[in-house]
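All chains are named by letter (A, B, ...) in the order of the sequence lines, taking the proteins before the strands, and each is independently numbered beginning at 1. Because the structure is a prediction, the values reported are computed rather than measured.
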Amino acid sequence: MSQQIKITLPDGSERKYEKGTNGLQIAASISEGLARNVLAAKVNGQVWDATRPIEEDSQLQLLTWNDGEGKNTFWHSSAHLLAEALEALYPGIKFGIGPPIETGFYYDVDFGDHTLDGSELEKIEQKMIELAREKNEYIRKAISKKDAIAYYQEKGDEYKLDLLEGLEDGSITFYEQGNFTDLCRGPHIPNTGFIKAVKLTNIAGAYWRGDENRKMLTRIYGVTFPKAKELQEYLTMLEEAKKRDHRKIGRELELFTFSEKVGQGLPLWLPKGTLLRERLVAFMKKAQDKSGYEQVTTPHIGHKALYETSGHYEKYGKDSFQPIATPHEGEEFLLKPMNCPHHCEIYKHKPRSYKDLPIRYAEFGTVYRYEQSGELHGLTRVRGFTQDDAHIFCCPEQVKEEFIKVIDLVLYVFKALGFEDYTAQVSLRDPENKQKYIGTDEAWEKAESAIIEAASEKGLETVTELGEAAFYGPKLDFMVKDALGRKWQLGTIQVDYNLPERFELEYIGSDNSKHRPVMIHRAPFGSLERFVAVLIEHCAGNFPLWLAPEQLIILPISEKFKEYAEQVKAQLDDAGISGSIDNRDEKIGRKIRDAEVKKVPFMLIVGEKEAAEERLSVRKHGEGDLGSHTVDGFIQYFQGIIAESLSK
RNA sequence: GCCGACGUAGCUCAGGGGUAGAGUACUUCCUUGGUAAGGAAGGGGUCACGGGUUCAAAUCCCGUCGUUGGCUCCA
């Protein structure tokens with residue numbers, strides 16, 4: 001007589017099954033459709049193969065493509081399928097690791113002498129589809145460490161042997177599908193037949209174990225789907241994302257450019273891009289003025305001694321732009337990589353009282369950092385950029401309150417610009433590796449708890465990363481994704497107990513003795529460059545009216561109405577609204593099309609009717625004809641939109 | 001910095017051992033047109049740069065620079 005086990009489903013219902021029944025069988029007992037879609041089973045909180053027998057009473061959740069863990073399992077199994085195809089096509093190659101990633105999976109492979117060409121990917125995709133059609137089961141096998149080592153020694157795969165070294169005997173499993181066996185913890189989908197659509201997206205080099213001193217393997221990225229249609233949708237989405245690429249839109253809208261002669265990673269802002277920047281700067285200055293900041297201005301270079309004092313020279317000197325020497329005296333100056341040392345010296349220019357604190361110095365400071373050439377990317381990663389930087393000098397008791405105020409400012413900025421989808425990351429130091437950081441344990445602990453408390457008081461949802469702190473202090477970063485889903489850090493708030501120490505900053509307390517202030521570095525945009533890049537991708541170049549570099553354009557029906565167009569322009573100018581006139585010898589349809597393509601928010605069409613009635617035909621970008629308005633009426637409407645978006 | 005790919009007109013791209021092509025943009029002319037492309041003509045490129053092979057290189061080879069997808073790094 002067989003034993004029964006009790007299975008509890010997520011809805012709380014309980015069912016009895018024979019001991020040793022697997023997730024797939026349970027699914028089949030519920031519905032055929034469910035059985036067809038089950039990728040894995042979550043048994044008592046652990047993701048298992050759907051085909052793995054369940055031996056005791058358990059909580060069970062059947063995972064499908066709609067579950068993140070289901071997708072992960074699917075892609076992980078796809079990585080194995082890729083490996084199987086590769087082994088069939090390139091016998092003798094060696095394998096590193098092949099995990100699922102946010103979208104898809106990759107496998108790191110050592111091809112020996114062969115260099116994989118992008119044109120070979122199609123052949124590999126076909127092989128994968130061919131193998132998928134065989135519907136080979138993924139078979140889990142426990143194996144002893146000794147046997148596993150023997151297997152890979154025989155195969156000559158030093159990477160798998162390296163991985164095995166870190167594994168404990170008794171917990172090692174192999175997974176086998178078709179003719180391919182891989183060292184793997186699992187879990188996997190029931191069989192390869194679930195994989196219906198395959199796209200290998202790109203090839204890249206990747207160091208074994210991420211260590212640049214080890215061998216570089218060939219990393220093949222791919223993505224797979226249970227339905228061909230979903231692959232099509234994914235590819236369409238990628239194409240749409242490419243259209244939002246800030247590099248493309250930046251060129252088309254004439255916002256910025258790069259020049260080989262000027263140097264890589266050094267953006268050149270064109271007039272329209274500069275206007276956009278200036279609007280952002282004005283916006284930030286206004287918000288900061290309200291929050292008690294004072295603007296300061298400092299030079300682009302600073303004496304080497306300044307950075308020796310700050311500690312930056314010791315830490316980054318070798319990997320920075322090298323010092324600039326004076327011709328005769330041989331004094332050395334550095335291009336400033338950050339503004340804070342300068343601001344510390346401003347703080348120091350006179351004695352400070354506790355009554356002066358907090359002091360908040362803000363500067364749109366342009367800094368220069370030597371970024372590795374391979375790391376440069378459009379405006380998101382450059383070598384010269386302008387931070388919306390500020391440093392708050394306060395007494396220790398004020399840290400949390402100041403921190404909260406800065407969070408408010410960051411959230412205000414994000415809201416005004418429509419960034420709703422961001423993550424807030426608290427970066428703490430790596431407790432295992434404390435010597436990487438400057439400063440005492442006590443100071444670090446104080447700073448870290450101030451951040452955590454401030455974030456929680458603001459109700460901010462945060463993720464915490466150990467080891468991601470700056471060398472001088474913990475921080476709270478705001479990250480936003482670009483069009484292609486790559487994460488970028490924008491706003492940052494960082495507590496610093498270190499620089500005040502190094503610069504010997506002081507204030508006189510109410511007890512008439514000297515005390516050390518705490519510094520908070522903060523930049524809500526992060527850098528204007530990166531912010532603009534992400535903003536462009538966020539709105540696909542359709543900037544909110546108050547930011548648009550070209551807010552409106554007047555389109556005369558024919559040259560007969562040029563004079564009236566000029567008159568309208570003058571009226572708008574008087575109201576502080578600037579716009580140009582399209583006086584080209586083109587039909588109105590053409591002028592409208594060109595303005596639409598340039599994403600100009602408003603088109604004001606003026607012809608016989610409008611000139612006679614002293615009115616405008618208003619057309620809104622992306623929406624079309626808004627009908628006839630008086631000039632004053634339009635001005636009110638226009639200013640109303642701006643006022644509304646800035647009042648949020 | 002490392003691995004791979006790419007570099008032809010302002011832009012998007014075709015071509016490919018025998019001194020360069022399209023569309024678009026630009027200029028001029030015709031047209032004076034009412035809500036997403038009116039017509040015609042014309043100008044414009046050391047085919048990234050430097051070497052090599054060859055009777056001949058934009059094309060093949062090597063190097064440099066730049067761009068790009070990753071990796072590593074990121075005050």
| query | Base, sugar-phosphate alone, or nothing: which one does A:Y221 contact when heavy atoms must sit under 4.0 Å apart? | reply | sugar-phosphate
| Between B:C6 and B:G63 - P atom distance, rounded Å | 15 Å
| field | A:Y316/A:Y370 aromatic ring centres below 6.0 Å | value | no
| Which whole-number value in Å describes the distance from A:L266 CG to B:G66 C1'? | 13 Å
| query | Counting only heavy atoms not in A:K348, do more than 12 sit closer than 6.0 Å to its NZ atom? | reply | yes
| Do any side-chain nitrogens or oxygens of A:Q494 fall under 4.0 Å of OP1 or OP2 in B:A75? | no
| query | Does the gap between the ring centers of A:Y347 and A:Y361 come in under 6.0 Å? | reply | no
| Below 4.5 Å, heavy atoms only, C-beta onward: do A:H621 and A:V600 meet side chain to side chain? | no
| message | Please name the nucleotide paired to B:A5 by Watson-Crick or G-U wobble geometry with both distances under 3.5 Å, or report none. | response | B:U67
| request: Please report, rounded to the nearest Å, how far the P atom of B:U64 is from the NZ atom of A:K261. | output: 21 Å
| Counting only Watson-Crick or G-U wobble pairs whose two distances fall under 3.5 Å, which nucleotide matches B:C74? | none
| request: Verify the distance criterion only: is there a donor paired with an acceptor across the side chains of A:T386 and A:T366 at less than 3.5 Å? | output: yes
| said: Tell me if the centroids of the rings in A:H303 and A:F333 come within less than 6.0 Å of each other. | reply: yes
| query | Hey, would you say the A:Y313 and A:Y307 ring centroids sit under 6.0 Å apart? | reply | no
| Taking the six-membered ring of A:Y106 as reference, does the NZ or CZ atom of A:R219 fall below 6.0 Å from its centre and within a 45° cone about the axis? | yes
| field | Pairwise P distance, B:G17 and B:U24 [rounded to whole Å] | value | 29 Å
| message | If I pick the C1' atom on B:G51 and the same atom on B:A41, what distance separates them, to the nearest angstrom? | response | 43 Å
| request: Starting from P on B:A25, measure out to NZ on A:K598 and report it in whole angstrom. | output: 12 Å
| note | Answer for the Watson-Crick or wobble partner of B:U19, both distances under 3.5 Å, is none
| said: Rounded to whole Å, please give me the gap between CG in A:L217 and P in B:G4. | reply: 13 Å
| request: Using the P atom as the reference point in each nucleotide, state the distance between B:G66 and B:U28 in Å, no decimals. | output: 38 Å
| message | What is the separation between atom CD1 on A:I101 and atom P on B:G70, rounded to the nearest whole Å? | response | 10 Å
| field | Smallest separation among heavy atoms of A:V198 and A:L231, with atom names | value | O-CD2, 3.9 Å
| Any strand: nucleotide that pairs with B:U28 via Watson-Crick or wobble, under 3.5 Å | B:A40
| Reckon A:Q264 touches a base, only the sugar-phosphate, or nothing at all at heavy-atom distances under 4.0 Å? | sugar-phosphate
| said: Could you check whether any side-chain N or O of A:D388 sits under 3.5 Å from a backbone N or O of A:G526, counting only pairs where one atom can act as donor and the other as acceptor? | reply: yes
| query | Atom CG of A:L376 to atom C1' of B:G70: distance rounded to whole Å? | reply | 14 Å
| task | Answer yes or no: does a side-chain N or O of A:R219 lie under 4.0 Å from OP1 or OP2 of B:G69? | result | no
| said: Check the phosphate of B:C73 against A:Q372, side-chain N and O only, distance under 4.0 Å to OP1 or OP2. Yes or no? | reply: no
| query | Taking the side chain of A:R247 as its heavy atoms from C-beta onward, which of B:G66, B:A75, B:G69 lies nearest to it? | reply | B:G69
| task | Would you jot down, in residue-number order, the residues of residues 235-245 of chain A having a non-hydrogen atom under 4.0 Å from RNA chain B? | result | none
| request: Any strand is fair game: report the nucleotide pairing with B:A57 by Watson-Crick or G-U wobble, both distances under 3.5 Å, or none. | output: none
| said: Reading RNA chain B from 5' onward, which residue's closest nucleotide shows up sooner: A:T218 or A:K591? | reply: A:T218
| query | Mind checking the C1' distance from B:A14 to B:U8? Whole angstroms is fine. | reply | 10 Å
| field | Heavy-atom check, side chain of A:D477 versus side chain of A:L490, under 4.5 Å | value | no
| field | OP1 or OP2 of B:C73 under 4.0 Å from side-chain N/O of A:R381 | value | no
| message | With a 3.5 Å distance limit and no angle check, can you tell me whether A:R593 reaches the backbone of A:I588 through a side-chain donor-acceptor pair? | response | no
| field | Distance below 4.0 Å between A:S558 side-chain N/O and B:G33 OP1 or OP2 | value | no
| task | Quote, to the nearest angstrom, the C1' distance that separates B:A22 from B:A9. | result | 11 Å
| Centroid under 5.5 Å and tilt under 30°, A:Y316 to B:A75 | yes
| In Watson-Crick or G-U wobble terms, both distances under 3.5 Å, what is the partner of B:U46? | none
| message | Roughly how many Å apart are B:C62 and B:A5, using the P atom of each and rounding to a whole number? | response | 11 Å
| Is A:S320 side chain donor-acceptor paired with the B:A75 base, going by distance under 3.5 Å alone? | yes
| field | A:H377 side-chain N/O to B:G69 phosphate OP1/OP2 under 4.0 Å | value | yes
| query | What is the per-nucleotide protein-contact pattern of nucleotides 34-43 of chain B, from the 5' end, where B denotes a base atom under 4.0 Å from a protein heavy atom, S denotes such proximity for sugar-phosphate atoms only, and - denotes neither? | reply | BBBBB-----
| query | Of A:K560 and A:S373, whose closest RNA chain B nucleotide lies nearer the 5' terminus? | reply | A:S373
| task | Would you indicate, yes or no, if B:C73 has its OP1 or OP2 atom less than 4.0 angstrom from a side-chain nitrogen or oxygen of A:Y207? | result | no
| message | I'd like the P distance from B:C2 over to B:C13, given in whole Å. | response | 28 Å
